[in-house]
Amino acid sequence: MKSFLKSTPLLFTGVLLAGSAFAQTPDPNYVKPFSGYDAFRTWSVGVSGGIMTPYTIFKGHDDFINPAVQFGYGVNVKDQILPSLGIQLSYMGGTIEANNSASGLYSNYTTSLHYGIDLSAQYILANISWMNKQNAIQPYISTGFGLAGYVPTFTGVGGSPVTVNHTITNGYIPVGMGFKFNVSPAINIDLGYQVNFIDGDNLDGYNYGTTNDKFSYAHLGLEFALGKKEKPQLATHNPVSSMRDEYLMDEQRLQTQEDAEKARNEQMRRDLEATKGDLAATKNALNQTNANLARFTMDSDGDGVPDFLDKCPNTPLGTKVDGSGCPLPVATNTVEKVYITEQDRAIVKEAIKNLEFDFAKATIRPHSFASLDKVAELLVAKRFHLKLAGYTDNVGSVAFNLKLSRDRAGSVKTYLVGKGVDESLIQAEGYGKANPIATNKTEKGRQINRRVEFTLY
């Protein structure tokens with residue numbers, strides 16, 4: 001067992017020394033150089049499990065000769081503040097055990113580590129290759145300071161186990177190293193080894209010698225990056241390669257601009273040659289057009305109609321002609337007289353008397369239709385002109401009354417047009433509460449003022 005413990009840290013040391021040959025893969029998520037903190041996933045959480053033992057790679061005086069292996073576990077939260085530097089808060093727990101004390105007084109001890117909480121700086125041997133954007137394997141080292149609480153139980157030679165009756169609290173310094181393997185954009189495998197130097201000589205329950213106690217925790221864990229999946233991890237980001245990519249893209253953009261400029265210049269040359277040919281052809285066409293224009297615009301009799309369209313040539317000067325150049329018929333000024341009889345006025349008066357609308361609306365009530373139909377028949381038969389003037393009482397705002405009076409006059413016009421009356425014969429206006437014909441202080445007076453006046457002409 002002791003040979004296994006000695007070989008375990010040597011395995012970590014050997015892998016760490018091979019860091020110069022770790023594998024690298026391209027990063028699919030390009031980030032511009034000097035991008036802000038928000039362009040990356042910087043926070044992560046991790047869980048781990050492994051072995052705890054008093055044996056460490058750092059030689060020195062040990063209170064017990066034969067270290068044993070027990071189970072340990074841990075969780076952590078990390079904030080990656082730089083591509084190569086992260087700040088990690090960790091918790092670990094487990095059991096530490098060894099046999100045969102160097103003093104010969106105790107046969108073994110078992111210490112229950114209730115908690116080990118530390119804050120450490122984790123330095124990643126960052127990828128600075130010009131050819132790769134991120135590292136698939138991240139070797140790291142770490143150190144910090146923490147506080148541990150534990151309860152030891154020790155057994156004297158030939159005696160019974162004795163458990164300390166309280167939790168011992170001591171500070172400790174964690175020193176670690178390891179590798180993280182990027183198995184996906186959001187998941188890393190953490191293979192690490194950490195030695196914890198206790199600020200005291202009572203991890204095993206008693207003080208012996210002049211050196212403090214220590215123990216190691218070798219673990220295998222998973223680290224989960226937090227944040228949006230389209231953002232890369234800052235811990236795997238290679239800023240040097242990003243600058244290289246930006247430089248190459250600038251060169252490509254510059255080359256593209258130069259090629260586009262050459263193509264534009266060549267096209268301009270071709271267009272200029274084509275334009276010269278077009279100008280020559282246009283000049284010839286213009287000369288022909290001028291000749292045709294002179295023929296098409298000649299007007300011998302001056303009536304405004306070109307000769308090639310003039311069906312009545314030699315029209316006397318000043319004669320008004322139509323589109324074919326022939327004289328227009330002379331119009332006679334006649335005025336059609338309109339005669340309005342008393343019977344016509346009676347029909348209109350009856351319509352005014354029977355006209356009613358829904359309250360505060362422009363909807364004509366059905367019992368008004370019969371009188372309006374007679375007005376429509378009159379207008380169709382004699383083609384009288386009709387002016388409709390809508391009025392309201394003084395209840396309500398000026399704007400509301402003005403709109404209501406216009407809408408009601410318009411409703412009457414719409415009804416009459418629907419009965420066959422020529423729309424051009426009807427004029428509909430609204431005047432709101434203007435021109436009252438009765439007092440607005442009484443309900444009867446207000447009812448009289450809510451009207452549409454009909455004027456024949």
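All figures in this text were calculated on a predicted structure; none of them were measured in a lab.
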How far does CD of E377 sit from CG of L372, to the nearest 0.5 angstrom? 11.5 Å
Do the side-chain N and O atoms of Q122 and K180 include a donor-acceptor pair separated by under 3.5 angstrom? yes
So, S368 side chain and N354 main chain: donor-acceptor pair closer than 3.5 Å or not? yes
Under 3.5 Å, is there a donor on one side chain and an acceptor on the other for Y150 and N170? yes
When you compare the side chains of E223 and S44, does any donor N or O come within less than 3.5 Å of an acceptor on the partner? yes
Looking only at heavy atoms, which two atoms of S90 and N76 are closest? And how far apart? OG-CB, 3.6 Å
For residues 404-414, which residue pairs pass the side chain to side chain donor-acceptor pair (under 3.5 Å) check, not counting sequence neighbours? K403-D407
d(R41 CZ, L234 CG) to nearest 0.5 Å is 12.0 Å
Can you name the salt bridge (charged side-chain N to carboxylate O under 4.0 Å, His left out) partners of D422, sequence neighbours left out? R383
Nearest 0.5 Å, please: how far is OH in Y217 from CD1 in I96? 12.0 Å
Over 60° means perpendicular and under 30° means parallel, so tell me whether Y73 and Y91 are parallel, tilted or perpendicular. tilted
For Q343, does the CD atom have more than 12 heavy-atom neighbours from other residues, nucleotides or ligands under 6.0 Å away? no
I173, CD1 atom: more than 12 neighbouring heavy atoms under 6.0 Å: no
